[in-house]
Amino acid sequence: MVPINYCQWMIYRGCKNNCPYCEVPSKTSDLKEDHLPAVYKTFELLDGKVKRLELIGGEPLDYPYINEIIDAGNKSSIERLVLITTGINKTKLAEVLKLANPAKWGFCFTLDMLPIEANGYLEDKDLAGSARKSIAGWKGFYQSENFWRRGHVTIGRHNLKSLPKIAKAIMDNGAYFNCCPILYARQERTSCRLPFMFRPQNFPNVALQAEDRYRANHVVMELITLKKSYGELFLPSEEYLWIIAQCCKEPYEKYPCGCGNKMPYLRVGDRVCSDGTFGLMTCSDFYLSLDYSVKDWVEKGEEVENAWTKNSLRRFCADNEGCAWSVSLTLSSKKK
C-alpha cells in the first residue's frame, strides 16, 4: 500500500443549492441498498491508513446517512475528519454538531463574501447562490466555534478585492483560511473540450479574467503579508497565491495544472464497487479504470497509483486544459 495521509471522499453528489457558477446538477442522488454497508466497510479499511479524511459532495448535510457517517468517524482512529458543507441545511447542521465529537471532527464552510456584502447579491442572477452560501456559512462558522474549522473562499471578480479582509476575518476567529480561483473555461475556440461535469466555469461576470491581473497582483502581496502574520492558519503557499494572478487569463489560455505525475492523495467517489467498497477517482469527474476501489488501494497500492498516473482522461486534461481541481492540487503538493 502506498502511504497517503490525506483522503477526500465525495460521499454524495446530491445538492439542492443550485449555485449558478457550479455545474453540479441540482438533484437528489439515488442510493441503493448496498450503500450504507459499503460506507462501514470503507471506513474500516481507511481506519489507521489515513490521518485525515474530508467528506465532500454535493451537499453532505442532505446525505440520508450523514448521522451514521458522523458516528463512524467518532469511533474511528482517524485523527481528523472534516465535513465540507454550505451550512444551508440549518436543522441538519445543528443535529450534526450535537452528534460529532469536537476532538475528532471539523467543518469547512464556503465564505466567499462577508455577510454585509453578501446581502447585496441575493438578487444577482450570477451570484445569488454564492451569497446564500456565504450567509449560511458564516452562521455555521460561528455556531461551530468549538470545532476545528476552515473557511474556504472561491475567488472571482466580485470578491477579489475583499479577499484579504475575508481571510483576516476567518483567521481572527482561530480558523484556517483556504481559497481557489473560479476559472474561465475555453469555449468553442478549441477542439479539446473535455467531458467535465465539474469543469472550469463559464461565467465571464464572475470568473477571473486577464484585466483582473493588476488587481490580483496587489491582492496577492497583501495575502503574503497576512500569511507571515498568521502562520499555519493561512493554508495556501506563496506559490499557490501567485496562481490567483495566473488565473486572470484569456479563456483560450491554459490553466496551470498541479496534477503532476504522482497521485497526490486518495480520492474516493460515491460509487459502490463489486467488492463492497467505494470506487477511486482521479478527480471530481472521472473514476479510475477497471473499477478500482478502496479495497484495491489497500491491497495493491502501487498498481492503483500507476493507474492514476496513466489514466488517459487525467492526462488529456493536464495536457490540454486543466481544471479548477487540478489548480487546487498545487496547494496539496506543496503543503501537507
Side-chain angles (χ1 to χ4, degrees), residues 1 4-16 24-25 27-87 89 91-108 144 147-148 197-198 263 265-288 290-301 304 308:
M1 184 186 69
I4 288 183
N5 290 328
Y6 172 49
C7 174
Q8 194 172 70
W9 188 352
M10 182 175 282
I11 188 68
Y12 183 66
R13 288 183 183 259
C15 184
K16 305 170 187 175
V24 181
K27 68 186 181 74
T28 300
S29 285
D30 295 324
L31 302 179
K32 298 179 180 179
E33 293 180 0
D34 61 352
H35 191 90
L36 187 56
V39 165
Y40 290 130
K41 190 171 181 180
T42 299
F43 246 104
E44 183 180 345
L45 288 171
L46 293 176
D47 201 356
K49 298 180 181 67
V50 297
K51 291 184 178 180
R52 195 174 102 206
L53 173 63
E54 293 194 349
L55 296 153
I56 64 173
E59 174 49 72
L61 289 178
D62 295 340
Y63 175 53
Y65 301 123
I66 189 60
N67 288 6
E68 288 82 354
I69 287 283
I70 297 297
D71 183 59
N74 287 341
K75 295 175 181 176
S76 76
S77 63
I78 298 173
E79 293 178 11
R80 172 67 61 209
L81 300 107
V82 179
L83 195 69
I84 300 178
T85 174
T86 64
N89 191 336
T91 301
K92 197 63 185 180
L93 177 60
E95 184 178 342
V96 163
L97 288 173
K98 290 181 180 179
L99 293 173
N101 178 359
K104 303 282 294 184
W105 280 94
F107 294 87
C108 176
S144 59
F147 291 82
W148 184 97
M197 179 170 73
F198 293 79
M263 189 168 75
Y265 56 83
L266 189 68
R267 192 170 178 94
V268 182
D270 65 333
R271 188 172 70 192
V272 178
C273 294
S274 57
D275 61 16
T277 65
F278 284 87
L280 302 183
M281 309 181 77
T282 63
C283 66
S284 296
D285 293 272
F286 307 131
Y287 278 86
L288 277 175
L290 302 176
D291 202 30
Y292 277 118
S293 69
V294 172
K295 187 172 183 290
D296 290 324
W297 173 70
V298 171
E299 295 179 351
K300 43 190 178 183
V304 169
W308 186 94

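These numbers come from the heavy atoms of this one structure, side chains and all, not from hydrogens, waters or symmetry mates.
The structure places CG of Asp296 at 9.5 Å from CG of Leu288, a figure rounded to the nearest 0.5 Å. Atoms CD1 and CG, from Ile78 and Asn5 in turn, are 12.0 Å apart once rounded to the nearest 0.5 Å. For the atom pair CG of Asp291 and OG of Ser274, the computed distance is 5.5 Å after rounding to the nearest 0.5 Å. Taking CZ of Phe147 as the start and CH2 of Trp105 as the end, the distance is 10.0 Å to the nearest 0.5 Å. Taking OH from Tyr40 and CG from Asp71, the interatomic distance works out to 6.5 Å, rounded to the nearest 0.5 Å. Atom OG of residue Ser144 and atom CG of residue Leu97 lie 6.0 Å apart, to the nearest 0.5 angstrom.
A pairwise comparison of heavy atoms in Asp275 and Ser293 identifies OD2-OG, 2.5 Å as the closest pair. Leu61 and Gly87 make their closest contact through CD1-CA, 4.0 Å (heavy atoms, listed as atom of the first residue, atom of the second, distance). The shortest heavy-atom contact between Tyr6 and Glu54 is OH-OE1, 2.8 Å.
Remark: the backbone N or O of Arg80 is not paired with any side-chain donor or acceptor of Lys51 at under 3.5 angstrom. Between the side chain of Glu59 and the backbone N or O of Thr86 there is at least one donor-acceptor pair closer than 3.5 Å. Panel note: side chain Asp47, backbone Glu44; no donor-acceptor pair is recorded below 3.5 Å. Between the side chain of Trp9 and the backbone N or O of Gly269, at least one donor-acceptor pair lies under 3.5 Å.
The side-chain heavy atoms of Leu83 and Ile66, taken from C-beta on, include a pair separated by under 4.5 Å. Side-chain atoms of Lys49 and Trp297, non-hydrogen and from C-beta on, do get closer than 4.5 Å to each other. No side-chain heavy atom of Thr277 sits under 4.5 Å from any side-chain heavy atom of Val268. Residues Tyr287 and Leu280 fail the side-chain proximity criterion, which asks for heavy atoms closer than 4.5 Å. Counting only heavy atoms from C-beta outward, the side chains of Pro64 and Tyr12 approach each other to under 4.5 Å. Counting only heavy atoms from C-beta outward, the side chains of Ile56 and Ile11 never approach each other to under 4.5 Å. Side-chain contact between Tyr265 and Val50 is absent, with no heavy atoms from C-beta onward closer than 4.5 Å.
Judged by a 6.0 Å distance limit and a 45° cone about the ring axis, Arg271 is not positioned over the six-membered ring of Phe278.
Each of Ile84, Val82, Leu266, Leu53 was scored for a side-chain contact (heavy atoms from CB on, under 4.5 Å) with Gln8, with one residue passing: Ile84.
Leu99 meets the side chain to side chain contact (heavy atoms under 4.5 Å, CB included) test with Asn67, Ile70, Glu95; sequence neighbours excluded.
Taking a 6.0 Å sphere around NZ of Lys295, one finds it holds 12 or fewer heavy atoms contributed by other residues, nucleotides or ligands.
Between the side chains of His35 and Tyr63, at least one donor N or O lies within less than 3.5 Å of an accepting N or O.
Look at Asp270 and Arg13 and you find a salt bridge, because one of the NZ, NE, NH1 or NH2 atoms lies within 4.0 Å of a carboxylate O, short of that distance.
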Exercise for review: Go through the steps for Cys108 and Thr85 under the test side chain to side chain contact (heavy atoms under 4.5 Å, CB included), then give the verdict.
Suggested key: CA-CA 6 Å; Cys108 176; Thr85 174; over 6 Å; no
